[in-house]
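Below: one structure, written as structure tokens.
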Number of protein chains: 2
Amino acid sequence: MRQSFTASATGRNPRRQARGVRTRDAILRKAVDIASARGLEGLTVGTLAKSLGMSKSGLFGHFGSKEELQLATVDAARQIFIDLVIKPALTAPKGMPRLWRLVDLWIAHVENHVFSGGCFFTAASFEFDSRRGPVRDRIASVMREWMGTLTRAVHGAQKEGHISTTVDPAGLAQELQSYALGAHWATQLLEDRAAYAGARVLALQRLRSFATSNSPRVG
Amino acid sequence: MRQSFTASATGRNPRRQARGVRTRDAILRKAVDIASARGLEGLTVGTLAKSLGMSKSGLFGHFGSKEELQLATVDAARQIFIDLVIKPALTAPKGMPRLWRLVDLWIAHVENHVFSGGCFFTAASFEFDSRRGPVRDRIASVMREWMGTLTRAVHGAQKEGHISTTVDPAGLAQELQSYALGAHWATQLLEDRAAYAGARVLALQRLRSFATSNSPRVG
DNA sequence: CCTACCGATCGGTAGG
DNA sequence: CCTACCGATCGGTAGG
């Protein structure tokens with residue numbers, strides 16, 4: 001039976017396990033960064049190993065296949081997105097402020113160059129949108145999770161009485177997501193320096209146009 | 001000096017030249033299709049040659065390098081976009097109808113599966129937005145050309161008195177582009193079957209909200 | 001975690 | 001347009 005270094009490290013030696021996990025985490029942090037710029041196919045075992053000063057096979061042992069490396073990279077990127085966007089947004093008050101925070105932090109984490117290639121999931125989405133298989137399915141699943149979070153935030157703003165109940169939550173979520181995607185595209189490809197600011201203004205205008213008189217002012 | 005088959009065919013034999021050009025066109029039509037699904041890096045000389053029943057080097061002679069093949073593929077995709085989106089939209093009356101036709105046909109050409117991977121330029125945009133070099137520059141140039149066309153269409157609708165002069169043309173163009181990008185994303189990755197219809201409804205709502213009482217009704 | 005491999009494929013070339 | 005190559009790199013394995 002195949003045994004990766006990490007898998008065998010789940011045994012009795014906690015110090016060795018800790019080191020294995022730390023190495024794996026370091027590999028994946030680098031992997032997300034490379035994949036954000038070069039794509040999940042452009043992320044090769046050889047270049048990843050060299051950039052970490054490891055041997056190819058030493059790195060390979062943590063994953064067992066290229067596909068498993070890609071899946072682990074998607075999971076690592078998801079965790080970073082949760083830590084940098086979702087969790088901080090949950091500290092904002094329920095309703096309109098929290099919804100706006102989600103959009104604002106989505107844009108901010110790309111703007112602040114958390115990864116050298118911009119947004120990992122935007123790149124991965126368009127790279128795998130015509131493929132089949134577990135990697136595409138994992139990316140789509142994380143993005144459905146994200147759209148669900150955005151949609152629930154719209155619904156939450158309605159429950160707080162901040163947004164008109166005539167608004168379709170999934171529709172507004174898709175609209176907000178489109179502004180962020182469009183701004184990412186215009187910034188990264190066209191080098192339009194006003195695109196993120198423009199997307200924020202547009203999103204705020206739209207949110208305010210749906211706001212009730214009860215809603216706190218955001219932005 | 002390097003001489004490609006096509007280059008040498010620019011000589012005195014028109015029949016040979018015609019055949020060379022036809023072969024090249026057939027190669028590029030296939031290349032755009034493959035690149036729309038697998039990316040411009042995933043487009044390899046070997047797979048492209050095999051899918052056309054040619055030898056690698058027979059195909060290679062038309063271009064001289066992978067980069068030249070990629071550049072020619074971008075140019076071929078641009079011509080298809082002009083033929084399927086820009087030219088038909090110019091048959092619509094100036095002003096609001098023509099602006100709406102541009103957005104509608106952009107969405108339609110993806111919806112109608114002109115290419116197996118959806119929109120070539122959307123895929124190419126996100127694949128190359130973190131790279132440098134002539135291929136990225138060519139993609140960005142075509143997309144700036146497209147945004148210029150959209151922006152001029154907004155401006156034209158203002159000149160016809162169909163859209164309020166308080167609207168920023170480049171801003172509205174970016175907004176419309178975002179709806180199309182977002183719909184492409186939701187359709188191709190999330191398999192959201194309502195996304196294109198939703199983008200059309202949203203774009204129409206926004207256009208009507210900026211419309212003067214002079215404007216013909218579109219959609 | 002390493003060295004030392006494997007077959008397949010990559011972009012590209014020589015020579016016809 | 002072809003066959004027959006080239007070195008480099010791909011994902012992956014054997015054995016320690």
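Lettering of chains follows the sequences in order, A, B, ..., and the numbering in each one begins at 1.
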Open item on the list: Taking the minimum atom-to-atom distance to the side chain of A/Thr47, which one of D/dC10, D/dG11, C/dC1 wins?
Closed with: D/dC10
Task: Check ion pair B/Arg144-A/Glu191 (N to O, under 4.0 angstrom) - done: yes
Open item on the list: With a 3.5 Å cut-off and heavy atoms only, can you find an N or O donor on one side and an acceptor on the other between the side chain of B/Lys56 and the base of C/dG11?
Closed with: yes
Open item on the list: Would you say B/Ser57 places a side-chain N or O within less than 4.0 Å of OP1 or OP2 belonging to D/dC2?
Closed with: no
Open item on the list: How many whole angstroms separate atom CZ of B/Phe60 from atom P of D/dT3?
Closed with: 17 Å
Task: Consecutive-pair stems (at least three Watson-Crick or G-U pairs, under 3.5 Å) that include DNA chain C - done: C:1-16 with D:1-16
- [ ] Send over the distance from B/Glu68 CD to C/dG11 P, rounded to a whole Å.
- [x] 15 Å
Task: Under-4.0 Å side-chain N/O to phosphate OP1/OP2 contact, A/Thr44 with D/dC10 - done: yes
Task: Rounded distance (Å) that lies between atom P of C/dG12 and atom NE2 of B/His62 - done: 16 Å
- [ ] May I ask you to say whether B/Asp104 pairs ionically with B/Arg101, meaning some side-chain N is under 4.0 Å from a carboxylate O?
- [x] yes
TODO: In whole angstrom, give the distance that lies between atom CG of A/Leu40 and atom P of D/dC10.
DONE: 15 Å
Open item on the list: If you compare every side-chain N and O of B/Thr23 against the phosphate oxygens of D/dC1 (OP1, OP2), does one of them come in below 4.0 Å?
Closed with: yes
- [ ] Name the closest nucleotide to the A/Met54 side chain, picking from D/dG12, D/dC2, C/dC2.
- [x] C/dC2
